Protein chains: 2
Amino acid sequence: MQNISKEDYLSTIFRNLNPEGKIKPGLIAGKLSISSAAVTDMLRKLSAEGYIIYERYKGIALTSEGENYARNMVRRHRIWEVFLNKVVGMPWDKVHEEANRLEHSSSDDLINRLEVMLDFPEYDPHGDPIPSRDGKMPKIKRQKPLSELEEGESGRVIRVNDSDENFLGYISKLGIMLKENIVIKKKIMFDESLEVSIKGKSWNISSKLAQNIFVEVKRD
Amino acid sequence: MQNISKEDYLSTIFRNLNPEGKIKPGLIAGKLSISSAAVTDMLRKLSAEGYIIYERYKGIALTSEGENYARNMVRRHRIWEVFLNKVVGMPWDKVHEEANRLEHSSSDDLINRLEVMLDFPEYDPHGDPIPSRDGKMPKIKRQKPLSELEEGESGRVIRVNDSDENFLGYISKLGIMLKENIVIKKKIMFDESLEVSIKGKSWNISSKLAQNIFVEVKRD
DNA sequence: GAAATAATTTAAGCATACTTAAAAATATTG
DNA sequence: CAATATTTTTAAGTATGCTTAAATTATTTC
């Protein structure tokens, strides 16, 4: 393929499929910050090249070729993230952007070598699962956003949204990291913010923040 | 800048300046495998942006801004090469191509971190010097191509041309690597090939091959 | 130093990936 | 279920970085 734009489209489609395995053009346009018209254009090309199934005004689905390609892009991205974080020592709020560029510029051979160096990691620094060389995804633990916990409950962080550098930088300052325990001390109804306790310290965090932090669900 | 093409132009110009600090369009076109017309186009843009000094039908020179940009690209490329070779374990004949892509996709912060991990290397796996963070070049030893040695002379390899993967793969099989000693046993006048001895084994190598292997010059 | 050769530039054109604006199809709402 | 709102597509246009062919300038050779 050898095309940054197309790789970004496939990756975005893959990461945002709904439970039926479909996605609408508008969502792609939003994620990539481009016009819907540009998306329509590209969808026709991706369809012609056999990566997606697309009929105008219908939802978009990946072909198995497209899915393989996209999954490999996600793999590249997340292996780079682990590498940058663990080996190079970059903070977790910087690795996403760097990996966004590196993922398009590395051979599969390089990615495989990095994976070996890292001893086959299963999750990236934000808790997202890393597809294996043969396309298998590791098991994902049951999880829900912090915002859905009740007063008095607590949860162990197992994933955070990786797409916003400022968000990650901010929650780091609160002491939030993977495996950290967070206690919901109070839910403020007025603005749906939360009073939480992390490592013995109390903080008030907004609803939006809480929606992007995911904790393990012990039982349903 | 944020532009792979322009970065490749600047890099190519920098690497191929003549002793007067100039280069002709045709050479750039050759190195980049594109038409001279395309080069003329781009030279106007690079000139408008202040990276080069260019008047039609005159030679091209880098401005100090262009030189800094280009030197930094070379730095990125060579640090990646060392990293891929030393840390990731890629063979020296594979690192150039991989670095050619990575050099456009990495932040200065990442490069600086890699440099620290590598303990500030001065030469890449092919013997080319690595510009430091503040733009200084390490000393280069006096050198000449193997093809210029006389019968009976010998030389220690300190640099090889890095641009051809097959060339590097081939000379590796002959046991040629940096710091290796090569003895010229015989110069064959008919085709200017050389009979050489490496690690006690004899080989016949072509003139073209010998022109791309550089040995240390002890005295002039 | 004029003629022949080589290098460079100009001109016209192409594919790509985007844009905005208008048209068409779909989804929502009263 | 018809009117309205939203989403998607089409149409026309742009910047970029290339191409080939022709014209121009520089260089080499005799």
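Per chain, numbering begins at 1; letters A, B, ... match sequence-line order. Model, not experiment: these values are computed from the prediction. Reckoned from all heavy atoms, side chains included, excluding hydrogens, waters and symmetry mates.
The separation between B:Asp41 atom CG and C:dA12 atom C1' is 12 Å, rounded to whole Å. The distance between atom NZ of A:Lys6 and atom P of C:dA15, rounded to the nearest whole Å, is 13 Å. If you measure from atom CG of B:Leu46 to atom P of D:dC18, you get 11 Å, rounded to the nearest angstrom. Nucleotide C:dA11 holds its C1' atom 14 Å from the CZ atom of B:Arg56, rounded to whole Å. Remark: P of D:dT8 and NZ of A:Lys58 are 13 Å apart, rounded to the nearest angstrom. Rounded to an integer number of Å, the gap from CG of B:Leu43 to C1' of C:dT10 is 14 Å. Taking atom CD1 on B:Ile60 and atom C1' on C:dT9, their separation rounds to 12 Å, with Å as the unit. When rounded to the nearest whole Å, the span between CD1 of B:Ile28 and P of C:dA7 equals 15 Å.
Of all the heavy atoms in B:Tyr9 and B:Ala38, the pair that sits closest is OH-O, 3.6 Å.
Dashed line: the shortest gap from a side-chain N or O of B:Arg44 to OP1 or OP2 of C:dT10 is under 4.0 Å.
Of the candidates C:dC18, C:dT9, D:dT9, the closest approach to any side-chain atom of B:Tyr54 belongs to C:dT9. Proximity note for B:Ala37 (side chain, C-beta onward) versus C:dA17, D:dT20, C:dT19: the nearest is D:dT20. When the nucleotides D:dC18, C:dT8, D:dT8 are ranked by their closest atom to the side chain of A:Thr40, D:dT8 comes out on top. Among the nucleotides D:dT9, C:dT20, C:dT9, the one closest to the side chain of B:Ser36 is C:dT9. Taking only side-chain atoms of B:Lys45, from C-beta outward, the nucleotide of D:dT8, D:dT16, C:dA17 with the closest atom is D:dT16.
Between the side chain of B:Tyr57 and the base of D:dT24, a donor-acceptor pair under 3.5 Å is found.
Partners of B:Asp108 by salt bridge (Lys or Arg N to Asp or Glu O under 4.0 Å), not counting sequence neighbours, listed by chain and number: B:Arg76.
With a 4.5 Å cut-off on side-chain heavy atoms, B:Asn166 and B:Tyr170 do not count as touching. By the 4.5 Å heavy-atom criterion applied to side chains, B:Arg133 and B:Asn112 are counted as neighbours.
Backbone-only engagement by B:Ser5 is indicated by non-hydrogen atom pairs under 4.0 Å involving sugar-phosphate atoms exclusively.
Checking each of B:Glu103, B:Glu98, B:His104 against B:Asn100 for a side chain to side chain contact (heavy atoms under 4.5 Å, CB included) leaves exactly one that passes, namely B:Glu103.
Between A:Ser33 and B:Ala38, the residue anchored nearer the 5' end of DNA chain C, judged by the nucleotide with its closest heavy atom, is B:Ala38.
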